[in-house]
Amino acid sequence: MSKLKFLLIITSIVMIVSGCSSNESTSNKGNQKQESKSEKESVKVTDKKANAPKDQGEYEVWFEGEADRKGKLITVKGQTNLIPNSNLLVTMDSVEDTLIGGSDRVQVSEDGTFETDLKIPKSTEGLIEVKIEFDPHSDNQPIKDHYGENGEKLKGPFVRLQEESDMQQNITLLTLEIPQDESNASAKIKKPEWDKPEDYGTPTVRLDEPDIQQDDKYLYIEGKSNLLEGTRLKGSLDIPNYIVSGLADVADVNPDGSYKLIIEKPSSINKLKDVKEYEVVLSVSPAESQWKSNLEVYGVNGEKFMGDYVVDQNGRKEIEKRLSISE
């Protein structure tokens, strides 16, 4: 065999082997890509902004949601059309005790949702009131810029007046009642409906007969009046032959003059368990931390008060209405 022919045969063999190796390598890479591809999984992505309310940021504010209690834990969650990062102050208070703490600040998420947990102290019993408040005046500057330095752009039934240092502000405020004498309980956020009377805010004060309901522990007193929003109205019990304190409640009157009071019944207290007859005293006094703007209408000493329920208390005029209760 000639030397040239031998070289040609060797070259051909090398080329064939190289080609096979190349094809095998390409095939392996393809399999690796296929294996790698088969190991990938789709990722579920949620665009919170896309789930935001369509009217997010509008000045007519709404809330929806609920507060759920399980044992000594209250979970408050819901949704609102307030702009993201708005701060909500969520607080709780007991009808029977004064709670120290029991509050949390939570920011509204991109989709308008909010959620927080509140722990009820072990020693606390009875009805719990949960309040959700939004105050633009105490929020960050972008929130103030949107809703107004004092919340003056806020609108809707959730909006309430607040007066501090002679300055009126608009806030949103809602209250939920959570009983503790059950294994668990819940309360839904409801849109309030205000019905302002024609004589609203006149110095001649009208106090309609309230609706009074009761259970084993409390009196629930709901009434209507023509008192100005924010007027501090007190409900207390006058029990014959007893001097008692603590059996009382205070309410800031609603935008339409309505109010609600919750007072412990005497029979729920051991030393008063035999008391069956007593009076509920509804009163308004200029000395009870009244707003300056309201005192301009009623008088610093109540001197402008008029009507059937005006009484004189050491030279100061007050409003007083007495209701007889028989259990």
Side-chain angles (χ1 to χ4, degrees), residues 46-68 74-93 99-119 128-178 187-192 194 228-232 250-256 289-294:
T46 302
D47 184 355
K48 284 193 171 183
K49 192 68 176 177
N51 295 327
K54 293 181 180 179
D55 62 345
Q56 188 176 63
E58 291 190 7
Y59 298 133
E60 181 137 352
V61 176
W62 56 261
F63 289 85
E64 58 184 27
E66 61 187 359
D68 295 308
I74 296 178
T75 299
V76 182
K77 58 183 177 180
Q79 188 176 35
T80 176
N81 65 338
L82 289 170
I83 60 175
N85 300 321
S86 295
N87 283 290
L88 302 179
L89 176 62
V90 184
T91 59
M92 65 177 176
D93 199 5
L99 294 183
I100 298 175
S103 65
D104 190 23
R105 286 193 178 273
V106 57
Q107 283 193 332
V108 175
S109 300
E110 289 290 327
D111 59 354
T113 58
F114 58 90
E115 182 172 348
T116 187
D117 291 329
L118 301 174
K119 291 184 178 180
I128 295 289
E129 291 184 327
V130 175
K131 293 186 178 182
I132 305 172
E133 178 181 327
F134 167 61
D135 180 6
H137 181 73
S138 61
D139 214 319
N140 297 319
Q141 195 59 47
I143 309 300
K144 293 181 184 180
D145 292 341
H146 185 80
Y147 292 110
E149 189 74 22
N150 296 308
E152 58 269 17
K153 297 178 184 179
L154 288 170
K155 297 179 181 178
F158 285 101
V159 178
R160 302 292 300 273
L161 276 177
Q162 178 174 274
E163 186 170 294
E164 293 182 359
S165 302
D166 303 337
M167 179 178 62
Q168 285 196 339
Q169 305 164 1
N170 280 343
I171 63 171
T172 65
L173 178 66
L174 54 118
T175 303
L176 303 172
E177 296 170 6
I178 314 290
K188 290 190 176 293
I189 295 173
K190 296 180 180 179
K191 179 181 177 180
W194 309 122
L228 286 165
E229 178 179 4
T231 300
R232 187 146 293 184
V250 175
D252 291 337
V253 171
N254 294 322
D256 62 349
S289 301
Q290 304 292 350
W291 291 353
K292 182 178 178 181
S293 59
N294 289 353

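Keep in mind it's a predicted model, so treat the numbers as computed, not measured.
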Under the side chain to side chain donor-acceptor pair (under 3.5 Å) rule, collect the residues that match up with Gln79, sequence neighbours excluded.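 By the side chain to side chain donor-acceptor pair (under 3.5 Å) rule, Gln79 matches no residue at all.
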Applying side chain to side chain donor-acceptor pair (under 3.5 Å), can you list everything that pairs with Asn254, at least two apart in sequence or on another chain? Arg160, Ser258
Grab the two heavy atoms, one from [X] and one from [Y], that are nearest each other, plus how far apart they are.
| X | Y | value |
| --- | --- | --- |
| Ser103 | Leu89 | CB-CD1, 4.4 Å |
| Gly112 | Val108 | CA-CG1, 3.6 Å |
| Glu115 | Thr75 | OE2-CG2, 3.8 Å |
| Pro157 | Glu60 | CD-OE2, 4.2 Å |
| Gln141 | Glu149 | NE2-OE1, 3.9 Å |
| Tyr147 | Asn81 | OH-O, 4.1 Å |

Taking the side chain as C-beta and beyond, is there a heavy-atom pair between [X] and [Y] under 4.5 Å?
| X | Y | result |
| --- | --- | --- |
| Ile128 | Leu118 | no |
| Pro136 | Leu154 | yes |
| Tyr59 | Asn170 | no |
| Phe158 | Phe134 | no |
| Asp135 | Gln169 | yes |
| Lys77 | Thr113 | no |
| Asn87 | Asn140 | yes |
| Val76 | Val106 | no |

Yes or no on side-chain contact (heavy atoms from CB on, under 4.5 Å) for Val130 and Val90, after CA distance, side-chain angles and deciding distance? CA-CA 7 Å; Val130 175; Val90 184; 4.1 Å; yes
Any sub-3.5 Å donor-acceptor pair from Gln107's side-chain atoms to Pro84's backbone N or O?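 Absent.
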Counting N and O atoms only, with roles assigned by atom type, does the side chain of Glu163 sit under 3.5 Å from a partner on the main chain of Lys292, one being a donor and the other an acceptor?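 Checking the backbone N and O of Lys292 against the side chain of Glu163, a donor-acceptor pair under 3.5 Å is found.
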Can you tell me if NZ on Lys131 sees more than 12 non-hydrogen neighbours from other groups inside 6.0 Å? no
Distance (rounded to the nearest 0.5 Å) between [X] [atom1] and [Y] [atom2]:
| X | Y | atom1 | atom2 | value |
| --- | --- | --- | --- | --- |
| Asn51 | Glu110 | CG | CD | 11.5 Å |
| Lys155 | Glu58 | NZ | CD | 10.0 Å |
| Ile74 | Thr116 | CD1 | OG1 | 11.0 Å |
| Ile189 | Trp62 | CD1 | CH2 | 10.0 Å |
| Glu229 | Thr231 | CD | OG1 | 9.0 Å |
| Glu66 | Ile178 | CD | CD1 | 9.0 Å |

